[in-house]
Undergrad: 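I have a structure I would like to understand better, so I am pasting it below and will then ask my questions one at a time.
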Amino acid sequence: MRDRQSFFEQVYDLVRGVPAGRVATYGQIASLLGLPHGARTVGWALRAGHAPADLPWHRVINSSGRISLRAGQGAELQRALLEDEGVTFGVDGRIDLTQFGWDGNVCMRF
DNA sequence: CATATGACGATAT
DNA sequence: AATATCGCCATAT
């Protein structure tokens, strides 16, 4: 195993494992990859643009449960995609990670 | 190898 | 609470 793939390839594989209706944080993904402080690198991997079309990038948000993208850069698109999957946003546009946060395991509610 | 960047995170102010 | 800054890490140049 090892760096058979670049870091972002590993990020993509992990993001693909996030079930619909759930969201993961950059720090969480980085931690799963062995870099508890590589959250920036995760975001970097996604913004790089090398991501495949089936990559559910919209399920990745920051630790605040908030969309990191700025308006005009896909933030509205990300929110729309998440709401379409059943994720609800708070009044401040925040997601309740307690309810929609990914465990790091594909487990269905109930 | 050095510097810069970035869809973060935590802390300081 | 909002903003500013530092820390952390993989790529880019």
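Keep in mind that what you see is a predicted model, and the values were worked out from it rather than measured. Chain naming here is simple, since letters A, B, ... match the order of the sequence lines and numbering starts at 1 in each.
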Undergrad: Quick one: ring pair (Phe, Tyr, Trp, His ring centres under 6.0 Å) partners of A:Phe7, sequence neighbours excluded?
TA: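 Once residues adjacent in sequence are excluded, A:Phe7 has no partner under the ring pair (Phe, Tyr, Trp, His ring centres under 6.0 Å) criterion.
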Undergrad: How close do A:Ile67 and A:Asn62 get, heavy atom to heavy atom, and via which atoms?
TA: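 Minimum heavy-atom separation between A:Ile67 and A:Asn62: C-ND2, 4.2 Å.
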Undergrad: Has the side chain of A:Gln78 got a donor or acceptor atom that lies under 3.5 Å from a matching backbone atom of A:Gln73?
TA: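 No, A:Gln78 side chain to A:Gln73 backbone: no donor-acceptor pair under 3.5 Å.
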Undergrad: Heavy atoms only: give me the nearest A:Ala24-A:Val18 pair and the separation to one decimal.
TA: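 The answer is CB-CG2, 4.1 Å.
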Undergrad: Can you measure A:Arg47 atom CZ to C:dA10 atom P for me and round it to whole angstrom units?
TA: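 After rounding, the reported distance stands at 16 Å.
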Undergrad: With sequence neighbours left out, write down each residue that passes side chain to side chain contact (heavy atoms under 4.5 Å, CB included) with A:Ala39, or none if nothing qualifies.
TA: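 Result, side chain to side chain contact (heavy atoms under 4.5 Å, CB included) vs A:Ala39: A:Tyr26.
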Undergrad: Output the rounded distance in Å from CH2 (A:Trp44) to P (C:dT11).
TA: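 To the nearest whole Å, that distance equals 7 Å.
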Undergrad: Output all residues satisfying side chain to side chain donor-acceptor pair (under 3.5 Å) with A:Thr41, sequence neighbours left out; order by chain, then residue number.
TA: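 By the side chain to side chain donor-acceptor pair (under 3.5 Å) rule, A:Thr41 matches no residue at all.
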Undergrad: Give me each pair satisfying salt bridge (Lys or Arg N to Asp or Glu O under 4.0 Å) with a member in residues 73-82 of chain A, each pair once, sequence neighbours excluded.
TA: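 Applying salt bridge (Lys or Arg N to Asp or Glu O under 4.0 Å) to every pair that reaches into residues 73-82 of chain A, excluding sequence neighbours, yields A:Arg79-A:Glu83.
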Undergrad: May I ask you to test the A:Asp103-A:Arg22 pair for a side-chain heavy-atom distance under 4.5 Å?
TA: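 Answer yes - side chains close enough.
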Undergrad: Taking DNA chain B as the partner, which of residues 61-68 of chain A come within under 4.0 angstrom of it by heavy atom?
TA: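 DNA chain B contact set from residues 61-68 of chain A: A:Asn62, A:Ser63, A:Ser68.
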Undergrad: Throw together a table of side-chain donor-acceptor distances under 3.5 angstrom for residues 89-96 of chain A, partners on residues two or more places apart or in other chains.
TA:
from    : atom 1 : to      : atom 2 : distance (Å)
A:Asp96 : OD1    : A:Thr98 : N      : 2.9
A:Asp96 : OD1    : A:Thr98 : OG1    : 3.0

Undergrad: For residues 61-75 of chain A, which residue pairs qualify under salt bridge (Lys or Arg N to Asp or Glu O under 4.0 Å), counting only residues two or more places apart or in two chains?
TA: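 Checked against salt bridge (Lys or Arg N to Asp or Glu O under 4.0 Å) - neighbours excluded - no pair reaches residues 61-75 of chain A.
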Undergrad: Using a 4.0 Å cut-off to any heavy atom of chain A, which nucleotides of DNA chain B are the first and last in contact, reading 5' to 3'?
TA: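 Contact boundaries, 5' end first: B:dT5 to B:dA10.
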Undergrad: Short of 4.0 Å, heavy atom to strand atom, which residues of residues 25-39 of chain A count as contacting DNA chain B?
TA: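 By residue number: A:Tyr26, A:Gly27, A:Ala39.
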Undergrad: Can you check the A:Phe7 CZ to C:dT11 P distance for me, whole Å?
TA: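 After rounding, the gap between these two atoms is 8 Å.
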